[in-house]
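Report on the structure given below.
Just so you know, these numbers come straight off a predicted model, no measurement behind them.
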Amino acid sequence: MTRLCSLNDLAEYRKTCEQAFAREKKKILVCSGNGCLSCGAMDVHREFQRILEEKGLPYEVSLAMDPHDDVPEDLTGLKATGCHGMCELGPVVRIEPEGWMYTKVKPEDCEEIIEMSLVAGEPIDRLAVHQNGTVYRRHDDIPFYKKQTRLVYGDSDRINSTSINDYIAIGGLTALAKALGSMSQQDIVEEIDKSNLRGRGGSGFRAGIKWKSVLRQEETPKYVVCNGDEGDPGAFMDQGVMEGIPARMLEGMIIAGIAVGAEEGYIYVRAEYPNAVKRLGIMIGQMEELGILGDDILGSGRRFHIHINRGAGAFVCGEGSALTASIEGHRGMPRVKPPRTVEHGLFAKPTVLNNVETYANVPLIIENGADWYLGIGPANSPGTKVFSLTGNILNTGLIEVPMGITLREVIYDIGGGIRGGRDLKAVQIGGPSGGCLTKDDLDRPLDFDSLKEVGAIIGSGGLVVMDDQTCMVEVARFFMNFTQNESCGKCVPCREGTKRMLQILEKIVAGEGTEEDLDLLEELADTVKNTSLCGLGKTAPNPVEGTIRRFRDEYMAHIRDKRCPAGVCSKLKRYVINKDLCRGCSKCARQCPVTAITGELKKPYVINQNTCIKCGSCKAVCSFDAIEEVF
């Protein structure tokens with residue numbers, strides 16, 4: 001294939017890619033995000049391909065590495081794209097240029113879609129989005145997309161996720177060309193710093209400060225590291241970028257390498273993300289073939305290689321020093337700081353370490369300028385943020401919104417509200433390291449500084465929505481169980497403190513807690529937060545502190561009344577016999593494994609609560625629905 005040896009070569013190649021992309025007069029865009037893949041999206045893609053071949057309709061599955069002119073002028077582009085966001089309704093298919101959006105598509109629907117939408121030019125209402133009695137045929141009309149601003153994801157939903165040519169055709173690598181052609185290292189770093197780009201991995205630390213620090217380090221070699229570990233429960237934002245538009249993230253890493261003088265880059269990806277690993281590998285291979293990666297990038301004399309490292313799924317490896325230790329082949333454990341990663345990072349050398357979404361913002365800033373970026377969202381938290389929207393909400397999936405959007409807009413305008421019309425109770429934001437928001441925060445802007453005021457953080461971007469049937473004490477126990485299991489055990493406060501906090505929470509949800517336990521829980525939370533070595537321990541108490549502060553009455557109900565107001569905690573459940581419905585058949589008494597049920601035939605039986613082990617066998621065998629669960 002042709003290797004691009006200059007910026008002029010890239011410019012000419014871009015024209016060819018754009019022409020090839022434009023030949024696709026119709027496009028069948030099949031979402032290949034993980035949610036849609038799990039529902040059979042690739043079966044749908046293969047069926048489309050089979051039918052197009054059978055009917056003799058010219059099509060292109062993906063652009064070849066060398067676009068050429070000896071192909072029909074009127075093609076159908078059949079593409080396995082990045083995530084469309086509506087994971088709840090997959091597999092998702094979109095028909096362009098009309099923008100018709102089809103959901104829950106099955107292989108048997110493919111022929112109708114080709115006949116009706118591709119050939120006859122008509123939408124299919126039964127496959128369109130139906131919400132609140134309205135049929136939404138076009139992608140742009142669906143409320144889910146109305147308030148979104150897709151920058152990081154951009155056109156990932158209309159290009160083949162593993163085609164560098166598609167990426168170039170939509171403007172990809174323009175920023176790299178600018179960085180190589182008209183900007184010095186200092187210019188690039190100053191532009192990133194001026195944009196106030198803040199890290200999207202958790203703390204919101206300014207990327208420009210890191211880059212400046214590494215640039216001024218005299219020690220070499222230097223490294224660029226991408227954190228793709230993403231271990232938060234319910235979070236899959238970085239996965240969407242790595243699978244959907246990996247080239248944008250890689251372009252950001254290359255620019256970072258050029259800016260700080262690094263020649264090697266490492267991506268640390270969770271082993272649980274095999275599709276991300278595969279697609280990153282494909283894209284890296286294509287970039288190397290074109291001369292965009294490797295030695296003498298586009299004839300500039302610059303060198304940059306990217307390597308993929310798969311992590312074993314340790315949450316603590318999301319912390320910078322633990323991540324670099326893991327890449328080096330050591331056990332993933334954090335170290336004492338200072339020195340910081342910018343001075344003593346990978347292989348004890350100066351290192352730029354940002355997460356996937358942060359690097360994906362870099363090409364946008366370099367191409368359009370810092371002033372453009374500062375015009376999106378609040379000045380203290382500019383740009384967009386990708387969130388994974390999960391839990392008791394109508395529209396789950398991936399969304400990208402401007403920083404500063406309110407929680408109300410996210411939950412009700414984009415998310416469609418709470419499932420079943422129930423009331424919102426809380427939102428856990430930022431995963432186990434985050435905090436708890438309630439109805440009182442619905443009009444609070446979602447940005448780094450605004451959330452800090454209420455003891456919460458954006459974190460990596462997980463949003464778990466909970467309705468009024470959620471037990472907040474159990475939520476705190478769940479997250480504490482997660483962080484305790486994921487503690488590396490290096491420091492005593494985290495290793496022992498989280499374990500003791502979990503034990504207390506388990507006592508409370510079992511109805512065995514005391515008010516002294518609650519006081520001790522708060523004391524431990526303060527100690528663990530202030531004395532732990534790394535971010536995992538320092539933020540582990542956040543869900544506990546947040547739920548105690550905002551739902552103390554629920555804790556007291558568990559402690560004083562031995563009652564779970566939400567009816568969730570199974571150990572606080574009681575089985576009672578409704579004497580008006582009981583026929584005295586004795587079937588429940590005979591089934592009870594601990595003889596907790598007593599009575600006389602043809603008279604109502606009684607359950608001894610002190611003996612009952614709450615196994616539910618009595619309720620399962622009762623023929624008269626006389627046994628009820630009471631919380």
Item to check | Of all pairs that satisfy side chain to side chain donor-acceptor pair (under 3.5 Å), the ones with a partner from residues 475-498, not counting sequence neighbours | outcome: Glu474-Arg477
Checklist outcome for this item: Taken to the nearest 0.5 Å, the spacing of Gln239 CD from Glu272 CD works out to 10.0 Å
Checklist entry - How many angstroms lie between atom CG of Asp553 and atom CD1 of Ile548, to the nearest 0.5 angstrom? => result 12.5 Å
Checklist entry - Does Asp468 pair with Lys425 as a salt bridge, N-O distance under 4.0 Å? => result no
Next on the checklist: So which atom in Met403 and which in Asp447 form the shortest heavy-atom distance, rounded to 0.1 Å?
Outcome noted: SD-CA, 4.1 Å
Item to check | Worked verdict on Thr438 versus Val427 for side-chain contact (heavy atoms from CB on, under 4.5 Å) | outcome: CA-CA 6 Å; Thr438 68; Val427 176; over 6 Å; no
Checklist entry - Any side-chain heavy atom of Leu424 within less than 4.5 Å of one from Tyr412? => result yes
Next on the checklist: What I'd like to find out is whether the side chain of Tyr268 reaches to under 4.5 Å of the side chain of Thr324, using heavy atoms alone.
Outcome noted: no
Next on the checklist: Between Glu522 and Arg549, does any NZ, NE, NH1 or NH2 come within less than 4.0 Å of an OD or OE carboxylate oxygen?
Outcome noted: no
Item to check | Heavy-atom side-chain contact between Asn354 and Cys226 under 4.5 Å | outcome: no
Show which side-chain atoms of residues 620-631 pair as donor or acceptor with protein atoms under 3.5 Å away, not counting sequence neighbours.
unit_1	atom_1	unit_2	atom_2	d
Glu628	OE2	Asn578	ND2	3.0

Item to check | Note: Lys278-Glu243 ion pair, threshold 4.0 Å (strictly below) | outcome: no
Next on the checklist: For Asp449, is there an ion pair with Arg198 - N to carboxylate O distance below 4.0 angstrom?
Outcome noted: yes
Checklist entry - Stepwise, does the side chain to side chain donor-acceptor pair (under 3.5 Å) test hold for Asn392 with Arg422? => result CA-CA 9 Å; Asn392 304 121; Arg422 303 199 67 88; over 6 Å; no
Checklist entry - Roughly how far apart are Tyr555 OH and Leu505 CG, rounded to 0.5 Å? => result 5.5 Å
Checklist outcome for this item: Value for CD1 (Ile429) from CG (Leu407), rounded to nearest 0.5 Å, stands at 7.0 Å
Next on the checklist: Closer than 4.0 angstrom, basic N to acidic O: yes or no for Lys147 and Asp413?
Outcome noted: yes
Checklist entry - So, Glu512 and Lys571, do they make that salt bridge, N to O below 4.0 Å? => result no
In residues 311-318, what donor-acceptor pairs under 3.5 Å come from side-chain atoms, sequence neighbours left out?
none

Checklist entry - Would you call Thr149 and Leu151 a side-chain contact if the rule is heavy atoms closer than 4.5 Å? => result yes
Item to check | Minimum heavy-atom distance between Thr396 and Glu88, given as atom pair plus value | outcome: OG1-OE1, 2.7 Å
Checklist entry - To the nearest 0.5 Å, how far apart are CD1 in Ile607 and CD1 in Ile577? => result 4.0 Å
Next on the checklist: For a side-chain contact (heavy atoms from CB on, under 4.5 Å) check, start with the C-alpha distance between Leu197 and Thr358, then their side-chain angles and the critical distance, and finish with the verdict.
Outcome noted: CA-CA 8 Å; Leu197 171 63; Thr358 310; 3.9 Å; yes
Next on the checklist: Which heavy atom of Glu357 sits nearest to which heavy atom of Val386, and what is that distance?
Outcome noted: OE2-N, 3.0 Å
Checklist entry - What's the spacing between Cys31 SG and His84 NE2 if we round to 0.5 Å? => result 5.0 Å
